[in-house]
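To start, the structure under review is shown below, and the notes come after it.
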Amino acid sequence: MSEVDIDHLRQWIGRSEVRQELLTPAMAARFNATFDRTDEPANGEIAPSMIHLCLAPPAAPTGELGEDGHPARGGFLPPVPLPRRMWAGGAFNFHDDIRVGETVARHSTIQDVTLKQGRSGALCFVTVNHQITADGRPVLTERQDIVYRDIDPPGGAPRTPPAAAPGRHRKVIAPSPALLFRYSALTFNGHRIHYDHPYVTGVEGYPGLIVHGPLQATLLLHFAETLRGARPAEFTFRSLSPLFDTADFTLNADEDADGLHLWTAYADGPVAMEARASW
């Protein structure tokens, strides 16, 4: 098990950075094409929801990437010495629309760093708060939960997420390598588990390419928008188990008193990501 000096890592709490990027019509068109949307928003038109996740990503030089394609540890995020990192969950509160042609800025702050013990060993959780503005106008706030963990030990007991049942509303998604590669390109994400099949199966030991957490969250939020005809005011989610490109998966939704309960799952598999949307 990797040693984690939590007192050292907690020194990153309160660190902040600001990144910004102009949202061009070309970027909006590429985002929509990735999700099989045919419209190409022009300057001044409302941008598609969740496109902010593709703007102003960290741009580490290729020579500074690790074997897994991630940038070297340290910098803004704490240098957690655990080999596997994933987007464990988060929350979005939408205040206004982002419009094509606006400069979108993300002010990010490390809110917390905690250490827990899981079935596979140490789990280090890093919570990041993002304040997003468009031409200086507040448009959304985001909480991002990142978890770092050890590689699963041989013969370890598998985690059993909740069983999946079809939702009242359901849509089938084919996680093609082209879709996963395009989303990696949109977000400038070099993590090889999403596009390098020999690496993800031969080195990391997974059965196939892994579907991005942000990609699943985007699909679920778009599904909620389609069902209700409007973007939700609040959207929360958490990841429970991985999805791979080895089989189609489904988007599911049920209505309740608070809005929509949503989840992704294989047709006969457990829940992969669960979410809630409210208006």
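Only heavy atoms go into these numbers, but all of them, side chains included; no hydrogens, no water, no symmetry mates. The model shown is predicted, which means the values in this text are computed figures rather than measured ones.
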Separation of N32 CG from E40 CD (nearest 0.5 Å)
8.5 Å
Heavy-atom donor-acceptor pair, R84 side chain to E204 backbone, under 3.5 Å
yes
Could you state the interatomic distance from CG (D254) to CZ (R168), rounded to the nearest 0.5 Å?
8.5 Å
In terms of side-chain geometry, is the basic nitrogen of E21 or R19 positioned less than 4.0 Å from the acidic oxygen of its partner?
no
Tell me every residue that passes ring pair (Phe, Tyr, Trp, His ring centres under 6.0 Å) with F125, counting only those two or more places apart in sequence or in another chain.
none
Once you round to the nearest 0.5 Å, how far does CD1 of I51 lie from CD1 of I98?
8.0 Å
Would you please classify the geometry between the H222 ring and the F35 ring as parallel, tilted or perpendicular, with 30° and 60° separating the classes?
perpendicular
Can you confirm whether E67 sits close enough to V203 that some side-chain heavy atom of one is under 4.5 Å from a side-chain heavy atom of the other?
yes
Check for a donor-acceptor pair, side chain of T34 on one end and backbone N or O of L179 on the other, with a separation under 3.5 Å.
no
Check this for me: does any side-chain nitrogen of one of R276 and D256 sit under 4.0 Å from a carboxylate oxygen of the other?
yes
Listed once per pair and sorted, the ring-ring contact (aromatic ring centres under 6.0 Å, His included) pairs that draw on residues 9-28, sequence neighbours left out:
H8-W12
Any side-chain hydrogen bond (donor to acceptor under 3.5 Å, both in side chains) pairs touching residues 173-186, not counting sequence neighbours?
S184-H212
Sequence neighbours excluded, every pair satisfying side-chain hydrogen bond (donor to acceptor under 3.5 Å, both in side chains) that has a member inside residues 44-65:
S49-E225, H52-E142
Please check if atom CZ in F181 has more than 12 non-hydrogen atoms from other residues, nucleotides or ligands closer than 6.0 Å.
no
N-O pairing of R99 and D135 below 4.0 Å
no
For R192, all residues meeting salt bridge (charged side-chain N to carboxylate O under 4.0 Å, His left out), sequence neighbours excluded
D196
Among side-chain atoms of T250 and N252, is any donor-acceptor pair under 3.5 angstrom?
yes
Using the test salt bridge (charged side-chain N to carboxylate O under 4.0 Å, His left out), find all partners of R85 that sit at least two apart in sequence or belong to another chain.
none
Could you check whether any side-chain N or O of S239 sits under 3.5 Å from a backbone N or O of W87, counting only pairs where one atom can act as donor and the other as acceptor?
yes
Between Y266 and A272 (side chain of the first, backbone of the second, donor and acceptor by atom type, cut-off under 3.5 Å), is there such a pair?
no
